[in-house]
A.B. asks: 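There's a structure below that I have some questions on.
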Amino acid sequence: MKIRHVNNGVFTLIDDIDTTLVPAPEGFYWIDADVDDLALLQPLFNLHDLAVEDCLNEEEQRPKLEIYEGHYFIVVNSIRFDDEEIFLRALNIFLGRHYIITVTRQKINELRTLKPILWEQEVSRPDYFLYYLIDLVVDNYFIVGDRIDDRIEQLEEHILMHTKKSHLNEIIGLRGEILWLRKMLGPQRDVIGALNKKELRLIDDQLQKYFGDIYENAVKISETFDTYRDLMGNLREAYQSSISARANEIMRVFTAITTIFMPLTFITGIYGMNFDYIPGMHSRGGSLLLLGFMFLLGLGMFYIFRKKDWL
């Protein structure tokens with residue numbers, strides 16, 4: 001757990017947790033904690049039992065906004081994409097009048113990249129900290145969306161150029177990740193919408209209007225992933241069409257080969273019959289003439305098939 005006093009974007013480390021119980025003359029306190037620290041933080045800041053239980057719950061949490069006496073509890077999901085799987089990491093936030101507590105199970109990149117933004121904007125209030133943090137979380141969805149878009153384009157190019165069975169597994173896996181993510185985007189969009197429209201005494205009235213801009217971005221993200229879902233459906237259809245076309249091409253070649261060998265098999269069948277009087281049967285060069293005729297017949301049929309574009 002790290003405790004920082006933030007004033008005009010300047011961070012000062014605090015060693016004594018009891019110092020944060022009293023509002024600072026200027027600025028606010030940011031407590032960056034993990035779930036194990038809640039046992040200490042809950043009685044000090046009177047954190048609600050249900051909010052603490054949500055933080056301790058190892059199951060995936062839906063984004064939410066809960067209003068309790070003296071503080072708000074907000075859950076948003078940070079996103080990360082490693083080209084194979086999408087990861088959502090819950091970011092639990094307790095917003096008080098003179099403090100903000102962030103609780104995570106894993107490291108959240110947005111908390112690290114937020115510091116220079118707070119310094120540049122000279123932030124001295126916890127509600128502004130919350131605004132810039134959520135804005136950063138939402139912006140990262142656009143970055144991940146661009147990478148997913150590139151991945152879809154690569155898959156489409158590979159399918160059109162050379163279809164492989166492994167492509168179907170990639171399509172199914174990526175589509176499942178997108179559908180799963182869409183289920184989380186709706187509640188997160190609603191949380192941001194509540195921060196924009198709901199009467200919240202711990203958030204400055206002027207600041208609430210800026211949450212409207214983040215809400216618009218959240219709506220765009222939701223619509224973008226709806227588009228990705230449709231694109232994955234089209235990609236699966238393209239894969240199936242490519243596989244069908246490839247199978248038809250193979251069957252066409254096999255059919256042509258079979259057709260070419262049909263008259264040759266017919267000839268060899270006749271000469272394999274037990275008759276004494278078959279033309280060329282007793283001729284010294286008869287077998288060579290017959291093989292030559294069969295070769296020319298097969299070559300002629302192959303030429304006809306190519307001319308008609310059957311091969």
Side-chain angles (χ1 to χ4, degrees), residues 1-34 37 41 44-45 47 51 55 63-68 70-79 89-104 107-143 188 191-218 221:
M1 178 172 59
K2 291 185 178 180
I3 307 169
R4 302 177 180 90
H5 175 252
V6 184
N7 185 33
N8 291 327
V10 178
F11 295 84
T12 304
L13 288 175
I14 304 295
D15 295 328
D16 188 3
I17 185 66
D18 293 332
T19 305
T20 62
L21 301 179
V22 180
E26 294 181 341
F28 65 98
Y29 295 105
W30 171 28
I31 302 174
D32 188 15
D34 56 35
D37 298 319
L41 296 174
L44 291 177
F45 293 92
L47 303 179
C55 293
K64 64 174 67 177
L65 167 63
E66 300 290 348
I67 300 175
Y68 300 112
H71 65 273
Y72 301 156
F73 176 60
I74 304 161
V75 179
V76 292
N77 285 321
S78 171
I79 188 171
R89 293 178 172 175
L91 176 56
N92 305 290
I93 305 169
F94 293 90
L95 176 67
R97 189 167 295 278
H98 71 280
Y99 66 87
I100 188 166
I101 302 173
T102 55
V103 182
T104 59
K107 291 184 178 180
I108 303 293
N109 290 333
E110 287 85 347
L111 292 176
R112 177 176 52 82
T113 56
L114 179 65
K115 295 177 184 178
I117 297 176
L118 299 179
W119 179 82
E120 181 181 352
Q121 299 297 328
E122 299 182 352
V123 172
S124 297
R125 291 171 53 101
D127 52 351
Y128 279 82
F129 179 102
L130 175 68
Y131 166 76
Y132 287 113
L133 177 57
I134 294 181
D135 184 47
L136 197 57
V137 168
V138 172
D139 285 344
N140 280 340
Y141 277 81
F142 285 107
I143 298 174
Q188 184 149 294
V191 168
I192 298 172
L195 291 172
N196 172 38
K197 299 177 180 179
K198 205 167 186 178
E199 293 185 4
L200 302 171
R201 58 186 178 83
L202 295 182
I203 298 178
D204 184 73
D205 293 339
Q206 296 298 321
L207 179 63
Q208 275 194 275
K209 298 178 182 178
Y210 289 92
F211 277 104
D213 182 63
I214 303 179
Y215 176 74
E216 291 179 1
N217 289 335
I221 290 170

A.B. asks: For residues Ile93 and Phe73, determine if any side-chain heavy atom of one lies less than 4.5 Å from a side-chain heavy atom of the other.
C.D. replies: no
A.B. asks: Does the structure place the NZ or CZ of Lys197 under 6.0 Å from the centre of the six-membered ring of Phe211, at an angle of no more than 45° from the ring's axis?
C.D. replies: no
A.B. asks: Is the shortest heavy-atom distance from the side chain of Ile117 to the side chain of Leu136 under 4.5 Å?
C.D. replies: yes
A.B. asks: Could you walk me through whether Asp127 and Leu202 pass the side chain to side chain contact (heavy atoms under 4.5 Å, CB included) check?
C.D. replies: CA-CA 7 Å; Asp127 52 351; Leu202 295 182; over 6 Å; no
A.B. asks: Quick check for you: to the nearest 0.5 Å, what is the distance between Ser124 atom OG and Leu118 atom CG?
C.D. replies: 10.0 Å
A.B. asks: Taking the side chain as C-beta and beyond, is there a heavy-atom pair between Gln208 and Leu195 under 4.5 Å?
C.D. replies: no
A.B. asks: Say you draw a straight line from CD1 of Ile14 to NZ of Lys2; how long is it, rounded to the nearest 0.5 Å?
C.D. replies: 14.0 Å
A.B. asks: Heavy-atom distance under 4.5 Å between the side chains of Lys64 and Gln188, does that happen here?
C.D. replies: no
A.B. asks: Carefully, step by step, assess Tyr128 and Asp204 under the rule side chain to side chain contact (heavy atoms under 4.5 Å, CB included).
C.D. replies: CA-CA 9 Å; Tyr128 279 82; Asp204 184 73; 4.0 Å; yes
A.B. asks: Can you find a heavy atom in the side chain of Ile143 that is under 4.5 Å from one in the side chain of Ile79?
C.D. replies: no
A.B. asks: Do Asn140 and Glu110 come within less than 4.5 Å of each other through their side chains, counting heavy atoms only?
C.D. replies: yes
A.B. asks: Using side-chain heavy atoms (C-beta onward) and a distance below 4.5 Å, is Val123 in contact with Tyr131?
C.D. replies: no
A.B. asks: Of the non-hydrogen atoms in Gly70 and Tyr99, which two are nearest, and what is the gap between them?
C.D. replies: O-OH, 4.1 Å
A.B. asks: From Tyr29 OH over to Thr12 OG1, what is the distance, rounded to the nearest 0.5 angstrom?
C.D. replies: 10.0 Å
A.B. asks: Specify the closest pair of heavy atoms between Asn7 and Gly27, including all atoms of both residues, with the distance to one decimal.
C.D. replies: OD1-N, 3.6 Å
A.B. asks: Test ring pair (Phe, Tyr, Trp, His ring centres under 6.0 Å) on Trp30 and Phe129; report intermediate values, then the result.
C.D. replies: CA-CA 9 Å; Trp30 171 28; Phe129 179 102; 5.0 Å; yes
A.B. asks: Applying the side chain to side chain contact (heavy atoms under 4.5 Å, CB included) test to Ile3, which of Asp15, Ile101, Thr19, Ile17 qualifies?
C.D. replies: Ile17
A.B. asks: Does Leu44 reach the side chain of Leu21, with side-chain heavy atoms less than 4.5 Å apart?
C.D. replies: yes
A.B. asks: Is atom CZ of Phe11 surrounded by more than 12 heavy atoms (other residues, nucleotides or ligands) closer than 6.0 Å?
C.D. replies: yes
A.B. asks: Search all heavy atoms of Asn77 against all heavy atoms of Val137 and return the closest pair with its distance.
C.D. replies: O-CG1, 3.4 Å
A.B. asks: Could you go step by step and tell me if Ile108 and Arg89 meet the side chain to side chain contact (heavy atoms under 4.5 Å, CB included) rule?
C.D. replies: CA-CA 8 Å; Ile108 303 293; Arg89 293 178 172 175; 3.6 Å; yes
A.B. asks: Taking it one step at a time, do Val10 and Val6 satisfy side chain to side chain contact (heavy atoms under 4.5 Å, CB included)?
C.D. replies: CA-CA 6 Å; Val10 178; Val6 184; over 6 Å; no
A.B. asks: Locate the shortest heavy-atom distance separating Leu41 from Ala33; write the atom from each residue and the value.
C.D. replies: CD1-CB, 3.8 Å
A.B. asks: Going from CD1 on Ile100 to OG1 on Thr102, what distance comes out if it is rounded to the nearest 0.5 angstrom?
C.D. replies: 7.0 Å
A.B. asks: Could you check whether any side-chain N or O of Asn92 sits under 3.5 Å from a backbone N or O of Val75, counting only pairs where one atom can act as donor and the other as acceptor?
C.D. replies: no
A.B. asks: For His71 versus Leu47, what's the shortest heavy-atom pair and its separation?
C.D. replies: CE1-CA, 3.7 Å
A.B. asks: For the aromatic rings, using the six-membered ring if either is Trp, is the centroid distance between Phe28 and His98 under 6.0 Å?
C.D. replies: no
A.B. asks: Looking only at heavy atoms, which two atoms of Glu26 and His5 are closest? And how far apart?
C.D. replies: O-NE2, 2.6 Å
